[in-house]
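Source: prediction; values computed, not measured.
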Amino acid sequence: MSSTSIEALAAPEPSGNTVTLEVARPHLLRQIINTIAEQPFTGLVGEAELGKSQLLNAALRQLASRQWAVVKLDLESAWSPNRLAWQWALELARAAVGAAPISHLHSLDRSMWPASTRSAVLSLPGVLGPETAALAQQPQPANGIGRDEALQAPLHATIALAREREVILAIDHLETPSAAGLRSPDVAKLLWSIRAPAQHLKNLHVVVATRPAAQDLASGTQSAYHLLGRWLTIQPPTAEEFAGATGMPLPWCDHVVAHTGGHPSSTMEVLAELRTLTTDPGQILPDLPTGYSERRAASLVEYAIVTVSERHVDLARRSIEHARSVHRLGSHLLAAVAHGEGPYQATPEIPGSEVAKAMVRLHLNGLVRPRSNQRGWEPTDPRIRWALTGSTSRSIGPWKGLRGGVADGPYVGAHIIDTTTGRRCQVEEVLNDGAVLRVRFEDGHSEAITVRPPTTDELDTLRRREIDEQVSSETEHDKPGPDAQTE
């Protein structure tokens, strides 16, 4: 992908692909900025790995350029009240006196501070209060987990700052404590403590970003922001947005998004692989985009997915381990939904209430998401599904060459049987030392398939089919012709 990409739609993956947010989803970014500026409360909700944090960060940067004070708390890196209070104090200090003095405060010896840094640090107690200013100057959080009361000092400093200027208090990854099974910090209690003193302050704008499974922490009937403010649902990027961000033709993006569901990093990786397959050094081949062919596109996308899935066996292994760590049924359920099974169908011996709890934990941790167009679940990252199921792989039966006899392996021109579907095809190209074949079926359809040895059941089915075809052929041969006479 082009090195001009600036903003990532999803967390960096091994491929290093990024998408320019301003190019890919400018209308959504403008909507977020306008909503934050107009509403006392804004919620961003969407499934894991869709780019909520990157969109929020881009919006906050633009609002900060208007001289608004931006205080962003990330619960993913604040796993205790003491650490959250310290992070909050640092953010307040940066918002109050600028990022450079706070950087000098924690990275330079006091004797090396510029005069501007000395002046800024001395002003902190008057702006934030002595307790929050002292906390911001600490090199690390206070020892221990702490209690939720530790958050009161930075909260009061935030309220005081909002009486003087426009302040945005953004809380990202609202689901993290629940996903980790932590009771502290208490997110619902924290939101109530913010709303209570702030409800009459026009200058304070609260923003949260969360996954659907944790949305009720802010908007449930007993929650602080029930029926208050506005929620924006972050959907996966569309094929048009991927095309605009990457320069790949829209038909190719349509094909890829149909396989990935718009999951940003996996879609980008497959598109990057397609670019490699369809581009000569320095130029794009004539069939991109003017010579686009549905059949060729389907074949190349399938081949690109095979290549990508082979890179992510370790991603699937780590996801299974993660699932096992969040619930005792986690790894089994993740593997089951990857194969298209329902969670209750996969665990008939387990009480439904226990299965429901396990799926909530998997959903909170971003390992699964609801299917987009039908009921049920699927792994959030399609590369996990590809790696766990080998869904792009096929088994092939014995292959015979054009000159007859059994070959040592598939070669161009060999006639083979796809024993997964029972269809006959001919090899057009051998890739990856025979691990991947591009084949053409009898109906003219061309496809890239990953080869695996046929199972015993598939071989038995193949043999039965061959016997049936042979018997049918012999029966047809033995039928009397139209001129045959009967005795």
Side-chain angles (χ1 to χ4, degrees), residues 32-33 35-37 39-46 48 50-61 63-64 68-95 132 135-136 141 146 148-159 161-162 166-180 182-199 201 203-220 223-226 228-234 364 366:
I32 293 171
I33 292 171
T35 304
I36 293 174
Q39 297 287 340
F41 173 84
T42 303
L44 305 182
V45 61
L50 292 186
K52 298 184 296 296
S53 296
Q54 281 72 22
L55 284 165
L56 176 59
N57 289 339
L60 294 179
R61 280 196 298 272
L63 289 165
W68 286 28
V70 174
V71 179
K72 186 191 175 193
L73 310 179
D74 190 346
L75 297 187
E76 196 166 56
S77 59
W79 54 85
S80 70
N82 279 352
R83 179 165 286 272
L84 179 58
W86 180 65
Q87 182 190 105
W88 198 339
L90 283 176
E91 287 292 308
L92 281 167
R94 292 188 184 101
T132 301
L135 185 57
D148 288 335
E149 287 72 17
L151 304 174
Q152 289 304 304
L155 171 60
H156 293 155
T158 303
I159 299 301
L161 189 62
E166 297 280 357
V167 174
I168 300 172
L169 177 59
I171 307 176
D172 198 5
H173 297 110
L174 206 67
E175 73 284 341
T176 299
S178 300
L182 301 177
R183 296 184 179 180
S184 183
D186 187 327
V187 175
K189 182 179 177 181
L190 170 63
L191 293 176
W192 270 115
S193 69
I194 294 170
R195 183 189 171 185
Q199 54 187 335
L201 284 175
N203 287 349
L204 181 62
H205 307 265
V206 179
V207 188
V208 301
T210 185
R211 295 169 186 167
Q215 185 177 357
D216 277 354
L217 289 171
S219 65
S223 301
Y225 293 96
H226 179 60
L228 182 65
R230 185 180 179 189
W231 284 89
L232 302 176
T233 300
I234 308 301
L364 279 169

Q.
Let me confirm one number: the OG-CG distance from Ser184 to Leu84, rounded to the nearest 0.5 Å.
A. 9.0 Å

Q: Considering non-hydrogen atoms only, spot the tightest contact between Leu135 and Trp86 and give its length.
A: O-CD1, 3.3 Å

Q) Going by heavy atoms in the side chains, are Asp148 and Lys189 under 4.5 Å from each other? A) yes

Q: Kindly compute the distance separating NZ (Lys52) from CG (Asp172), expressed to the nearest 0.5 Å.
A: 8.0 Å

Q) Can you list the residues that meet the side-chain contact (heavy atoms from CB on, under 4.5 Å) rule with Ser80, with sequence neighbours excluded? A) Asn82, Arg83, Ile145

Q) Can you tell which of Leu174, Thr233, Ile234 makes a side chain to side chain contact (heavy atoms under 4.5 Å, CB included) with Val45? A) Thr233

(Q) Working note: Phe41 + Ile36, criterion side chain to side chain contact (heavy atoms under 4.5 Å, CB included); need CA distance, chi angles, decisive distance, verdict. (A) CA-CA 7 Å; Phe41 173 84; Ile36 293 174; over 6 Å; no

Q. Any side-chain heavy-atom pair from Thr158 and Ile194 closer than 4.5 angstrom?
A. no

(Q) Between His173 and Asp74 (side chain of the first, backbone of the second, donor and acceptor by atom type, cut-off under 3.5 Å), is there such a pair? (A) no

Q. Mind checking whether Val208 and Leu44 have side chains closer than 4.5 Å, heavy atoms only?
A. no

Q: Identify the heavy atoms of Pro154 and Ala85 that sit nearest to each other, and give their distance.
A: CG-O, 4.2 Å

Q: Quick one: pull up CG in Leu191 and NE2 in His226 and give me the separation to the nearest 0.5 Å.
A: 14.5 Å

Q: Look up atom CG in Leu182 and atom CH2 in Trp79, then write down how far apart they are to the nearest 0.5 Å.
A: 11.0 Å

Q | Non-hydrogen side-chain atoms of Leu228 and Arg195 separated by less than 4.5 Å | A | yes

Q.
Under a 3.5 Å threshold, yes or no: a donor from one side chain and an acceptor from the other, between His205 and Glu166?
A. yes

Q) Counting N and O atoms only, with roles assigned by atom type, does the side chain of Arg230 sit under 3.5 Å from a partner on the main chain of Thr42, one being a donor and the other an acceptor? A) no

Q: Check whether any side-chain heavy atom of Tyr225 lies under 4.5 Å from a side-chain heavy atom of Val206, and answer yes or no.
A: yes

